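Every chain is numbered from 1, with letters handed out A, B, ... down the list of sequences. Just so it is clear, the model here is predicted, and its values are computed rather than measured.
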Amino acid sequence: MDDTRPGRREEALALLDALEREAPLPGPPRIGLTGAPGAGKSTLLDALVRQLRGRGETVGVVAVDPSSRRTGGALLGDRVRVRSGASDPGVFFRSMAARDRLGGLADATFASLTVLAAVFDRVFVETVGVGQSESDVADLVDTLVFVAQPGAGDLLQFMKAGILEWPDVVAVNKADVGALAHRTARELEAGLGLAERPAGEWRPPVLLVSARDGTGVAELAAALDAHATELRRSGELAPRRRRAREAFVLEGLERRYGSFGLAELGGRDAVAARVHDARGASAFGLLLQLSAEIEDRLRKPA
Amino acid sequence: MSERDRPWVFRTYSGHSSAAASNELYRSNLAKGQTGLSVAFDLPTQTGYDSDHPLARGEVGKVGVPICHLDDLSALFEGIPLDRMNTSMTINATAAWLLALYVAAAERQGVDPKLLQGTTQNDIVKEYLSRGTYVFPPEPSMRLISDMVAYTVDAIPRWNPINVCSYHLQEAGATPVQEIAYAMATALAVLDAVRARGDVPGEKIPSVVSRISFFLNAGIRFVEETCKCRAMTELWDELTRERYGVEDPKARLFRYGVQVNSLGLTEAQPENNVIRIVLEALGVTLSRRARCRALQLPAWNEALGLPRKWDQQWSLRIQQILAYETDLLATGDLFDGSPVVAAKVAELKQGAREELERVLEMGGAVAAVENAYMKQRLVESHTRRLRAIESGELQVVGVNCFQESEPSPLVAQGDQAILKVDESAEREQIERLQAFRARRNAGEARAALVNLRDVVANGGNAMPPSIRAAHAGVTTGEWTDALRALFGEYRAPTGVVARRGEPVSAATEAVRERVRAATARLGRPLKILVGKPGLDGHSNGAEQIAVRARDVGMEVVYDGIRLTPAEIVQSARDEGVHVIGLSILSGSHGVLVIDVLERLRKEGLGHVPVVVGGIIPEDDAAKLRAAGVQRVFTPKDFDLARIMDEIVDLVVGAAAAA
């Protein structure tokens, strides 16, 4: 999925196109897990995977780590902490470097999620949150979990980074430290309360969890289920999936052809509208088709 | 001639194959004038697995003696009266269990445990930081340690229940300041934990303080090492008075043993190691006021493999010549009044106090393990050290300078210059274990395990039920499993972080260009899997490979320690890596690497090149290459940029062949 050699990319997109067109909708829940470095995302994910495996679900995970801008190198260390699937065929774990894409998400994350969704009962994408990337992950998944760690003064940082606008579930990890975790949870609840939400809309629950002693992990799994149910009930799932498609196609085109290329098709909004209207087509098929259109226009003399 | 000081205790860190073989080695070492014992346990014993556990495969009797039950431990000390022996046991996660077995073995010999003298290493913090044989999470591990402290202070008053190790911090790259600070932080964490218990009365605290001993490293910068020992002596005296109000100066004495540095021993021109060992021994014995209480010297050939009896004898003779022939023990302190030494000591103390303060502010040593602070600092220091060797800024004779050498007669016979553990040792140990299980009273063993669980779960001291379990025939694996069920298992942070790389050498820059070029050919960045199969937790080498691979632009899946071959192969498949790097220092490379290769082939991944690094004798390296390993790197391959270059060659070659 992440091979950029000429030809390979088109092959992959064709496969994904077939996969997306033939997979039954809506498919398994797609869940994002984000938070600051050191918040304990991986260990929490490990506990969560264990919990879900206990219920008999199979789980696919894509973990995204930042790359060095200068060397392109990356250390993908999450596997060390997500051990529950280490020799369990019911768990697939792939780590990826964010490479050159802004926002901290791996180029091939959306594609990988699509492949995993065809195979596993539930798929996760785990990524380091540095403020901006939250909106990127939020675009990709049905449910976004923000993992916070106990610490005074965090709230202001969270708000500054605009993080509180995105999560559907908030997990305060390391609840075993006690009072500090409770205070952080209260602050986050207050902060989320400030964000405007229409009446009747899903209010992100703030859960105290501990990957270390297992506190709240079952509750977290239950909150994920509750949010999935809510998305189906409210009819919000379909627009979320559409947004993910739009974001994927737009970014794919922009990265390759720049805003100049997008302008050939009438600009961002026009492209977004075309993706929106092409309900039957897969995002990958659309990316292929629109790429071809742009190349076609670029070749033609004006 | 004036009265001579009593010499320190002479020890040699040893043990291998089986209790009987190690017993024979101990007795012959004692007959040659060794005055204490230092027991090396094999990795299954250190990590709480019986010899027949799947994870123990290939590791039984390799880096030490396998001890599964009381009969093993009794056989280990057969004919050695425990009331007159001073025994140091390098055991950590399972220390409470090995001490329980030692007490039970003494009782079997008819020896009152009150007379036992010795040390259990029992420093779990450095296991998380460097050595890797931890089992339980930090909190219950600290609780077991404080159980042992609380128990021994009355029941085995001459025992040192913990030997706080700065040794492994230095091996992991610590600067002297870090070594001092982190060791002190660990000791304070233990004392704080003991003080927080309800069952050790305040008036006992000075006795507890006086039983905390330290285990130091002696590196080649022996002048600085002398100053380090003096700085630690002064600092411990100050800290124990300030923090715990210990008034008796004798209780504040800094008591320490030493294992002379093994990290600096070279595979190239290995005979030079004898000179290094002598100088390093001077560093910890020269200053009378800060002299070690016990000394273990490595053998000249440790970078090649396991030392033979003669190699150990040679090292023992160094100690004996130093203590008995020279006038070292007949003179007062050589450095009192030296302004140079005083200034250096003050500088080290000041730096250590500042770093200690930082750790204490984070919540102490345990918190600084969990947030990976100390580990990250160590990995950084180690990276700098290796860069300095590569660049030649740090000179290592025979390695990065003065490499030309006449053929050494000491290694003329190749692998005869090291000890090979008999391949039948593992099978025989498993047979003995299974026979033991068959003949013990199963009901008693079961009842003792239930009792252990109940006592520990209810917050009671783990020692008495462990001693009962030892007598009842419980095994090492069973004892540890009972506590695993209560405490859970732990994986420590690796310290390998996505930190911004430091400026790199031209050679590294050149490799980075090659990685970039390879990326275009491969269609995605070169992805490497780095991990350690087996139970060996010495992760310093693997971490440095991971960091450098990242610095040359590779995507590095760092899988850490204690992996089974099945896990490595699943990871290689899921992650789609281009090359696999395995690191093994325990001598179990034969079994484990070949298992990985076979599983790769079965998964259709036979085309993924595998490279191996570690202490691997040439005969074994040849076998590994014949089995399909593409490259074998040993300690003489100090140039990491060159290793990376070879890895790029392999990946590009494999891609061209595909």
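Within 6.0 Å of CD on E139(B) lie no more than 12 heavy atoms contributed by other residues, nucleotides or ligands. Around the CZ atom of R642(B), the shell of radius 6.0 Å holds no more than 12 heavy atoms that belong to other residues, nucleotides or ligands.
For a residue to count as touching a neighbouring chain, one of its non-hydrogen atoms must lie under 4.5 Å from one of that chain's; by this rule A520(B) touches chain A with the backbone only. Only the backbone of L522(B) comes within contact range of chain A, judged by heavy atoms closer than 4.5 Å. Neither the backbone nor the side chain of E489(B) comes within contact range of chain A; no heavy atoms are under 4.5 Å apart.
Between the CZ atom of F92(A) and the CD atom of E575(B) there is a distance of 7.0 Å, given to the nearest 0.5 Å. Rounded to the nearest 0.5 Å, atoms CG (N371(B)) and NZ (K174(A)) are 8.0 Å apart. In this structure, the separation between CZ on F487(B) and CG on D213(A) is 14.0 Å, given to the nearest 0.5 Å.
Looking at residues two or more places apart in sequence or on another chain, you find a salt bridge (charged side-chain N to carboxylate O under 4.0 Å, His left out) between R573(B) and E603(B). In this view, A367(B) satisfies the side chain to side chain contact (heavy atoms under 4.5 Å, CB included) rule with no residue, not counting sequence neighbours.
Between A97(A) and E555(B), the shortest heavy-atom contact is CB-OE2, 3.1 Å. In plain terms, the two heavy atoms of D574(B) and V91(A) that are nearest each other are OD2-O, 4.1 Å.
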